[in-house]
There are 2 protein chains.
Amino acid sequence: MEDYNEKQLAIISVAEKLFAEKGFHGTSVRDIAQVAEVNIAMISYYFGSKDKLLEAVFRHRMEASRAFINELVQNDTMSPLEKIYTLIDRFVNKMLNEQSFQCIMNREQLNGEKSPIHNLIWTVKGEMLGLMRPIITNAQDAGIFHTGIDVELLMTTMFGTIHQIIPAQHILRKEPELKNMNDETFKEYLRLRLSTHLKKLFKAILTHEF
Amino acid sequence: MEDYNEKQLAIISVAEKLFAEKGFHGTSVRDIAQVAEVNIAMISYYFGSKDKLLEAVFRHRMEASRAFINELVQNDTMSPLEKIYTLIDRFVNKMLNEQSFQCIMNREQLNGEKSPIHNLIWTVKGEMLGLMRPIITNAQDAGIFHTGIDVELLMTTMFGTIHQIIPAQHILRKEPELKNMNDETFKEYLRLRLSTHLKKLFKAILTHEF
DNA sequence: TTGTTTAAATTAAACGTTTGTTTAACTTTG
DNA sequence: CAAAGTTAAACAAACGTTTAATTTAAACAA
């Protein structure tokens with residue numbers, strides 16, 4: 001765990017925001033320095049290079065993701081469906097709370113060339129799959145969940161739906177009743193709507209009830 | 001409908017591939033010129049600028065998307081579920097056949113700044129939603145589909161799942177039985193697997209059968 | 001409290017590349 | 001011969017990074 005000072009955190013925060021909006025190559029270190037109100041040289045001074053800064057942004061969020069996963073493993077008292085529900089709730093919550101970072105991840109995972117970041121992304125995704133799979137297969141063995149479910153693709157469906165909704169927000173928001181909603185209340189509305197949709201979807205495919 | 005000569009089509013094709021792999025800003029016009037085996041100046045000569053080239057790539061694919069949508073509207077003899085099934089089949093097929101372009105679209109829709117391309121993306125997506133919604137709502141009115149379905153999010157789920165599987169392919173492929181599969185047969189395998197998963201998902205949430 | 005020392009922080013300027021685009025000369029084609 | 005196609009070279013601007021000078025801050029001895 002690395003501890004950054006205020007200025008370093010400001011740079012990381014601004015970089016995350018700008019990388020998300022304009023992409024890594026679409027953002028210059030001068031842009032970052034200007035918005036973060038620091039000298040251009042400070043970025044090289046603190047992080048070494050622009051690439052290393054991106055890595056810092058990733059490590060900063062990924063460590064939290066790792067902790068997030070381990071935290072989810074517990075609670076064996078819940079029923080399989082309850083476990084899936086809390087899993088959905090927490091993923092939706094987490095991903096809507098770090099939308100900028102999710103944008104960057106969405107972009108980076110498309111890159112053809114392999115990189116340390118590339119590996120990190122797929123390692124974490126693999127760990128999340130390793131978390132979800134036993135919940136489902138155990139419930140299948142116990143006769144609680146239906147068989148014939150493609151767990152990998154179900155995971156993909158969850159991530160894909162949340163990822164897809166992030167850039168689509170401004171379209172949803174054009175509905176007249178949502179237009180003059182506070183930013184925070186809209187996020188809450190979206191969180192609930194996403195969560196409800198995914199739970200219905202998962203319940204329908206996993207159990208045969210509604 | 002614009003007609004391009006061979007050289008222009010080569011540039012568009014190479015640009016699509018490289019933009020998909022490395023992003024728009026991550027690809028230089030020199031890269032494109034080199035791979036397409038044309039002089040750098042020809043890109044400006046034919047398309048005006050790098051931005052216009054991206055627009056050309058988009059128009060080239062988007063016109064096909066428009067035609068694709070209009071083609072789907074027909075066939076009123078099918079049951080609602082059959083309509084949804086063919087919709088899924090054809091979307092999966094289409095998107096897996098133009099993966100490079102889907103990568104570019106995935107990237108571009110994340111951009112903060114609005115652009116002609118941005119508008120085009122969301123216009124087409126809106127048209128696709130306008131195609132799916134009546135199928136579902138009509139079936140709901142007829143009592144065939146269950147109510148309480150978030151059509152917008154169901155659409156998002158379909159697009160999100162397919163979009164998400166494109167960069168995740170090389171992970172799925174690490175399974176021993178898929179490792180030494182022909183590229184084309186793997187694509188066929190993936191097409192079937194995706195299609196099956198989405199149909200099960202949609203059938204489960206729309207009807208209450210399995 | 002002083003003055004001195006030392007390392008970290010900060011800055012403006014300059015560095016060499018690479019960028020997208022244009023030029024002007026040349027070749028091909030109809 | 002005129003228009004379109006093609007080329008290597010040159011363009012200014014922007015890029016990420018480094019330099020060298022300066023300021024700040026903390027530590028230490030008198």
Side-chain angles (χ1 to χ4, degrees), chain A residues 1-60 104 107-108 111-113 115-118, chain B residues 1-60 104 107-108 111-113 115-118:
Chain A
M1 188 63 175
E2 321 176 25
D3 42 351
Y4 296 115
N5 62 38
E6 271 189 42
K7 218 160 219 173
Q8 289 170 314
L9 286 173
I11 293 171
I12 288 179
S13 170
V14 169
E16 185 183 67
K17 183 169 174 288
L18 294 185
F19 287 160
E21 285 174 7
K22 313 197 284 177
F24 177 72
H25 292 293
T27 307
S28 72
V29 291
R30 283 171 176 83
D31 290 337
I32 299 170
Q34 192 183 357
V35 177
E37 291 177 313
V38 299
N39 190 282
I40 322 165
M42 297 306 292
I43 291 173
S44 291
Y45 178 71
Y46 276 135
F47 299 97
S49 69
K50 191 190 175 190
D51 287 85
K52 298 265 190 64
L53 172 57
L54 178 61
E55 281 189 46
V57 170
F58 259 83
R59 269 195 299 278
H60 191 241
I104 300 178
R107 277 207 172 87
E108 289 300 316
N111 284 355
E113 299 161 14
S115 66
I117 287 173
H118 217 91
Chain B
M1 188 64 173
E2 320 177 25
D3 45 348
Y4 297 115
N5 62 38
E6 272 189 41
K7 218 160 217 173
Q8 289 171 314
L9 285 173
I11 294 170
I12 289 179
S13 170
V14 168
E16 184 183 67
K17 184 170 173 289
L18 295 185
F19 287 160
E21 285 174 7
K22 315 198 286 179
F24 177 73
H25 292 292
T27 306
S28 73
V29 291
R30 282 171 177 81
D31 290 337
I32 299 170
Q34 192 183 355
V35 177
E37 292 175 312
V38 298
N39 191 281
I40 323 165
M42 296 307 290
I43 291 172
S44 290
Y45 178 72
Y46 277 134
F47 299 97
S49 69
K50 192 189 175 188
D51 287 85
K52 298 266 190 65
L53 171 58
L54 178 61
E55 281 188 45
V57 171
F58 258 83
R59 267 196 301 277
H60 191 240
I104 301 177
R107 277 208 172 84
E108 288 301 315
N111 284 357
E113 299 161 13
S115 65
I117 287 173
H118 217 92

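First the proteins, then the strands, lettered A, B, ... as listed; each starts at 1.
Rounded to whole angstrom, the span from the CD1 atom of B:I43 across to the P atom of D:dT6 amounts to 13 Å. Between the CD1 atom of B:I11 and the P atom of C:dT21 there is a distance of 13 Å, given to the nearest Å. Atom NZ of B:K52 and atom P of C:dG20 are 16 Å apart (whole Å). Atom NZ in B:K22 sits roughly 9 Å away from atom P in C:dT19 (whole-Å rounding). For the pair A:L18 CG and D:dG16 P, the interatomic distance rounds to 12 Å; values are reported in whole Å. Distance CD (A:E6) to P (C:dT10): 11 Å, rounded to an integer number of Å. Note: NZ (B:K7) to P (C:dT27) measures 16 Å, nearest angstrom. Residue A:I32 contributes atom CD1, which lies 14 Å from atom C1' of D:dT17 at whole-angstrom precision.
In this structure, the side chains of A:F47 and A:Q8 come closer than 4.5 Å at one or more pairs of heavy atoms.
Just one of B:I11, B:L53, B:I40 meets the side chain to side chain contact (heavy atoms under 4.5 Å, CB included) condition when paired with B:V29; it is B:I40.
Note on A:N39: a side-chain N or O is less than 4.0 Å away from OP1 or OP2 of C:dA12. In this structure, B:Y45 does not reach the D:dT6 phosphate: none of its side-chain N or O atoms is under 4.0 Å from OP1 or OP2.
Heavy atoms from other residues, nucleotides or ligands lying under 6.0 Å from NE2 of A:H118 number more than 12. More than 12 heavy atoms of other residues, nucleotides or ligands sit less than 6.0 Å from atom NZ of A:K50.
When only modelled atom types and interatomic distance are considered, A:E108 and A:N111 share a side-chain donor-acceptor pair under 3.5 Å.
Among the nucleotides C:dG20, D:dT7, C:dT10, the one closest to any side-chain atom of B:K50 is C:dG20. Of the candidate nucleotides C:dT22, C:dA9, C:dG20, C:dT22 has the atom lying nearest to any side-chain atom of B:S44.
Residue contacts shown for B:Y46 are limited to sugar-phosphate atoms, with no base heavy atom under 4.0 Å away. Heavy atoms of B:I40 sit under 4.0 angstrom from at least one base atom. Residue B:S28 is classed as a sugar-phosphate contact, given heavy-atom separations below 4.0 Å to backbone atoms only.
Comparing B:R30 and A:F24, the nucleotide of DNA chain D nearest to each residue sits closer to the 5' end for B:R30.
Summarising the base pairing, D:dA30 is matched to C:dT1 through a Watson-Crick or G-U wobble pair whose two defining distances lie under 3.5 Å.
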